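A quick write-up on the structure given underneath.
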Amino acid sequence: MKEKNKKLILTLSCVGILCIFIGVTYAIISFVFQGNREHTIDIKGISFSYEEQENGLSLTKLSPMTDSEGLSSGNDYTFVVSATSQVSRDLPYYVYLTIDNENTLKSEYVRFNITNETTSTTVGPINANKLSLKANNDYYLMGDTFSFDGVTTSMSHTYKLTIWVNEDYEKSLDYTSSNNEQTTTIGGETFNFKINVATGVIPKNLDESGANKPELATNMIPVYYDESAEAWKKADEVNKEEENKWYDYNSKMWANAVTVTETNRDTYMKASAGTAISMDDINTMWVWIPRFSATGDTANYNGGTQSAPGAFDITFVDNKTSAHDAFTFGTQNLNGFWVGKFETSHETLSSSTTKNNLGCTSDTCSNASGIEILPNKLSLRYNNVSNFFYASLSMSQTGNSFGFDKTKDTTLDTHMMKNNEWGAVAYLTQSIYGRCTSSTSCTEVGINNSSSYITGTGAPAGSSSSVTNGTYETALGKDASTTGNIYGVYDMSGGSFEYVMGVYTDGTQNWSGKSSTSNSGFSGCLGSSCSSTYDGVAYPDSKYYNSYTNTGTSSSPITNYTSSMQHALTETKNWFGDYAYFVVGDSPWFGRGGNCYDGSYSGVFYYYYDNGSSDGLVASRSVLAK
């Protein structure tokens, strides 16, 4: 393969350079330092100053690097922060970057390391896109404090900022091969930023649980619920302002976000925190499930009983630490994922009883534009698994109605909920961050007992469909969320029986369904012994579904399936009395949560087998991952 001569040229200077080489394997990437050389504030005998080097760095012929190569590359920029004081006092300050939102080189490929050489304090290496947002395009880098004792009147800190392009940039390039030669053409890319210093203390994130910061997709808006105004409002994305707090997992306040219709989208995106967002403008609502690892003694109901199981021990972790397998998507380790807050609805098709009315067979399904994820809506049913799957996949297609933009957000993915993703939500629910107040005291999620299949409806756990219920924002409704408050996920007990992407396989091929008329719409085996096959739409990539090899018969399904996977299957079998029947050859698809008519048998640990065909009792749920 001819790729040894492939090289990127990196230029750091005070003047932007943009070059394009066509037909060769070179490009110029320009970094531009912007900002004044010196800034001074004088207040009552206090002097604070920030002085940059006279000249910017100029680096050429720089290849993408590993961290060890970048740190030793000498691509350093030095600046000094100084202060004087005639009296004893502490003077805190912080260093932050202003990143140009018109950059063509993505932040995920720019790597920073900053060291306060005076105090030997270091932050990094860290990608630019992982820095904590201050406001707009400003990102915190690090902070420190000058502590004056009334004797020493002048202090300074010298900083060294090191920058490089990480090795993932090279891995992201698309190559073309011909006659055993591999080439790529790269256009010139630019990354502009300023280094700034300001007095004050870096505010702490209001969430101290250790949960990974929610990752918003393009045009997603962080929200919180104002109980007094009975309205969803735009949250402080940095999560530093108590008044507009976004999330706090220690307080069971899971992060929520919404998308809105195009009509007022730009207005909301530019609005300040605290702005009310009309439900009439919202078209989808999402809840962030942060990456975690979980342990528990499931053989002994986590220290409880079958009717009152104990809590899972949840630890929030970064994406380099082993975690619940729902946070591995293909080859990617996720920091978390967004799950639809409610069962999926549709603005025109929810009321239709026509089978497979979505008509979705690819990721460009036009009917996906009508999808809604909202409370007080009729859930979308009467579709087989493949229709639900391709509808969810199509939510991020070009021109979608939700504002998702894969040209700016290349890692964005929308898909139908998988069985292990349901399991992750179930585990987080059965923890101190969800429905538990201690390791041994947990309450069961209330049931959506609406016989009309209205999303977000709630009644006490185990209630029949005739018991009085309430809408999602009422006390009854909130009890049917995974947190017991308005910030959780709804409809995970009762409502509509929900198909998930979990299917039986014999280890060689996957099953489609029971017969030529009762199947998922995917190509695959039919019946208990694969005596025939169904020729439908192709199965998607394996990252979009979970496969299970144990089998049985409809009259005697597997009930003792064992696995290290934490999918809330037989390791939580019959917890709270929920139904538990494993997939079988002629009913190869998992359904979760139960139905509004299932009473005490429904719940977040409910699982059952089904043939995957369209049905008036069955709905689905979407997930968004980055």
Side-chain angles (χ1 to χ4, degrees), residues 209 249-250 252 254 289 292-317 322-327 419-448 458-463 479-485 488-489 491-494 497-498 500 502 546 548 550 552 557-583 590-595 598-609:
S209 68
Y249 283 80
N250 282 335
K252 307 180 189 295
W254 296 6
I289 309 299
F292 64 80
S293 63
T295 58
D297 182 10
T298 56
N300 293 296
Y301 306 106
N302 286 351
T305 64
Q306 187 178 68
S307 60
F312 285 102
D313 184 7
I314 298 290
T315 302
F316 294 119
V317 296
S322 179
H324 188 289
D325 72 349
F327 300 101
N419 207 24
N420 62 348
E421 291 166 341
W422 181 285
V425 180
Y427 270 47
L428 189 59
T429 301
Q430 191 72 11
S431 78
I432 60 171
Y433 303 107
R435 298 298 297 241
C436 304
T437 56
S438 70
S439 62
T440 57
S441 180
C442 306
T443 58
E444 185 178 6
V445 173
I447 184 176
N448 179 340
S463 296
D479 186 50
S481 89
T482 55
T483 54
N485 60 43
V489 183
D491 306 326
M492 292 195 69
S493 174
F497 177 84
E498 291 184 36
V500 291
N546 306 122
Y548 303 87
N550 291 46
I558 289 289
T559 59
N560 62 341
Y561 177 80
T562 57
S563 172
S564 61
M565 294 183 292
Q566 300 166 328
H567 296 188
L569 294 173
T570 54
E571 82 277 20
T572 56
K573 179 176 179 286
N574 298 133
W575 284 22
F576 292 113
D578 296 354
Y579 261 160
Y581 289 94
F582 209 78
V583 290
F590 273 111
R592 303 302 300 254
N595 188 268
D598 286 330
S600 61
Y601 296 117
S602 65
V604 296
F605 296 110
Y606 173 113
Y607 59 92
Y608 207 77
Y609 52 76

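Please read all numbers here as calculations on a predicted model, not as lab measurements.
- Using a 4.5 Å cut-off on side-chain heavy atoms (C-beta onward), Leu428 and Thr482 make no contact.
- Looking at heavy atoms from C-beta onward, Asn250 lies in side-chain contact with Ser209 at the 4.5 angstrom threshold.
- In this structure the side chain of Phe327 reaches within 4.5 angstrom of the side chain of Ile289, judged on heavy atoms.
- Scanning all heavy atoms of the two residues, the minimum distance from Gly303 to Thr440 falls at O-CG2, 4.4 Å.
- Judged by distance alone, with hydrogens and angles left aside, the side-chain atoms of Gln430 form no donor-acceptor pair with the main-chain N or O of Phe605 at under 3.5 Å.
- For Tyr427, the ring pair (Phe, Tyr, Trp, His ring centres under 6.0 Å) test picks out Phe312, His324, with sequence neighbours left out.
- The closest side-chain heavy-atom distance from Trp422 to Leu569 is not below 4.5 Å.
- Looking only at distances, a side-chain donor or acceptor of Ser481 sits under 3.5 Å from a matching main-chain atom of Gly484.
- At a threshold of 4.5 Å between non-hydrogen side-chain atoms, the residues Tyr601 and Asp578 do not count as touching.
- Atom OG1 of Thr429 is separated from atom CH2 of Trp254 by 4.0 Å, given to the nearest 0.5 angstrom.
- The closest donor-acceptor contact from the side chain of Ser441 to the backbone of Ser438 lies at 3.5 Å or more, if one exists at all.
- Side-chain atoms of Asn419 and Tyr548 include a donor-acceptor pair closer than 3.5 Å.
- In plain terms, the two heavy atoms of Ser493 and Gly446 that are nearest each other are CB-O, 3.5 Å.
- Using a 4.5 Å heavy-atom cutoff, the side chains of Asn302 and Trp575 are in contact.
- Counting heavy atoms from C-beta on, the side chains of Asn546 and His567 come closer than 4.5 Å.
- Counting all heavy atoms, side chain and backbone alike, Gly593 lies closest to Ser602 at O-CB, 3.4 Å.
- Atom OH of Tyr607 sits about 6.5 Å away from atom NZ of Lys573, to the nearest 0.5 Å.
- One distance of note links OH of Tyr579 with CZ of Phe497; it measures 12.0 Å at 0.5 Å rounding.
- Summarising the geometry, atom CD1 belonging to Ile447 is positioned 11.0 Å from atom CG belonging to Asp491; distances are rounded to the nearest 0.5 Å.
- Rounding to the nearest 0.5 Å places SG of Cys436 at 11.0 Å from CG of Asp313.
- Listed by chain and residue number, Asp297 satisfy the side-chain contact (heavy atoms from CB on, under 4.5 Å) test with Asn300 (two or more places apart in sequence, or in another chain).
- Contact check for Tyr608 versus Phe590: no side-chain heavy atoms found under the 4.5 Å cut-off.
- In terms of heavy-atom proximity, Gly423 sits nearest to Ala568 at CA-CB, 3.9 Å.
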side-chain contact (heavy atoms from CB on, under 4.5 Å) between Met492 and Val445, intermediate numbers included | CA-CA 8 Å; Met492 292 195 69; Val445 173; 5.6 Å; no
Worked verdict on Tyr433 versus Phe316 for side-chain contact (heavy atoms from CB on, under 4.5 Å) = CA-CA 11 Å; Tyr433 303 107; Phe316 294 119; 3.6 Å; yes
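- A donor-acceptor contact shorter than 3.5 Å is absent between the side chain of Ser600 and the backbone of Gly462.
- Ring centers of Phe576 and Tyr606: at least 6.0 Å apart, outside the cut-off.
- Here the CD atom belonging to Gln566 is positioned 10.5 Å from the OG1 atom belonging to Thr572, to the nearest 0.5 angstrom.
- One side chain, Thr443 or Arg435, offers a donor N or O that lies under 3.5 Å from an acceptor on the other.
- Side chain of Asp325 to backbone of Asn420: no donor-acceptor contact under 3.5 angstrom is found.
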